[in-house]
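So the structure is just underneath, and the comments pick up after that.
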Amino acid sequence: MEPFWKILAEVEDADLEGVTVREVLTDDSPPVMKYEPSHPDANEDGYVAYPNIRPLEEMANFMAATRSYEANVRAFEAVKELIRRSIELGR
Amino acid sequence: LAKLKRVRHLFLLGRNSSMKLDETILGRMKLYLDFSARKQQVLTSNLANAETPGYKAKELSFGEMFRDQLQAEGLLKTTNSKHIGGEPLLLREPTVEERPTDALGHDGNNIDLDKEMTQLAQNVLKFSIVSQLYQNKIQLIKYSLREGRV
């Protein structure tokens, strides 16, 4: 039977992990083709290759990112609260 | 002089008794605060990985750890199989456990942000309560050291 503090120390060494940005990838999905023969960038068939950005998808990702950002900010504040309490123990 | 004697008496009492710090009420509260701080780490780790594909929520459970600790100290002896702590003592593995999966996202991540936030708030609250109790206990000790004078 291990003492409590030892278990806690092991927990600290356990695989708790943060996150990092590994790389920024390019979305290889095909461009949006629109038929605009009069457009200066049109190809010989009269199609213009518009960016493959889908606003709805971007917005959905954007909202998810915002939400988890806020959650992490709140976690930060929670940790600050714990530290503040710990400091007050000495008073 | 009487006061000095009393302080000395308290000191000797603490030293001679077989009670270690961990077994006093203050020690217990310290254990909980340690645990709570560690739990915060696990929760923030979960939050940070809310978008990591394949990440499984981790959990630190206090009840079992604490019971094992008490059992090890022989403080939770049981006379009936229905009492808490009736099982035999087991050697413990490190206690970060993966939370049982309820709803897996399409990327194999089972973190529920709302659940994590509730746990986080709960943890902060409990930490605050215990630290307040700790302070109160210290106040009591100070009070008796001053022989009841405010």
Measure distances from E116(B) to the heavy atoms of chain A and classify the residue's part below 4.5 Å as side chain, backbone, both or neither.
neither

Among T44(B), I138(B), N49(B), single out the residue with the greatest number of heavy-atom pairs under 4.5 Å to chain A.
N49(B)

Could you walk me through whether K30(B) and D34(B) pass the salt bridge (charged side-chain N to carboxylate O under 4.0 Å, His left out) test, one step at a time?
CA-CA 6 Å; K30(B) 177 187 169 295; D34(B) 281 347; 3.1 Å; yes

Need one label for L33(B): side chain, backbone, both or neither, based on atoms under 4.5 Å from any heavy atom in chain A.
side chain

Is E88(A) paired with R84(A) through a side-chain N to carboxylate O contact shorter than 4.0 Å?
yes

If you compare all heavy atoms of L47(B) against all heavy atoms of A71(A), which two are closest, and at what distance to 0.1 Å?
CD1-O, 3.7 Å

Measure distances from R67(A) to the heavy atoms of chain B and classify the residue's part below 4.5 Å as side chain, backbone, both or neither.
both

Could you give me the CA-CA distance, side-chain angles and deciding distance for V79(A) and I83(A), then say whether side chain to side chain contact (heavy atoms under 4.5 Å, CB included) is met?
CA-CA 6 Å; V79(A) 174; I83(A) 294 173; 4.0 Å; yes

Is a side-chain donor or acceptor of D27(A) paired with a backbone partner of N52(A) at a separation under 3.5 angstrom?
no

Who among L89(A), V19(A), L82(A) has the most heavy-atom pairs with chain B under 4.5 Å?
L82(A)

Please classify the contact between T52(B) and chain A as side chain, backbone, both or neither, with a heavy-atom cut-off of under 4.5 Å.
side chain

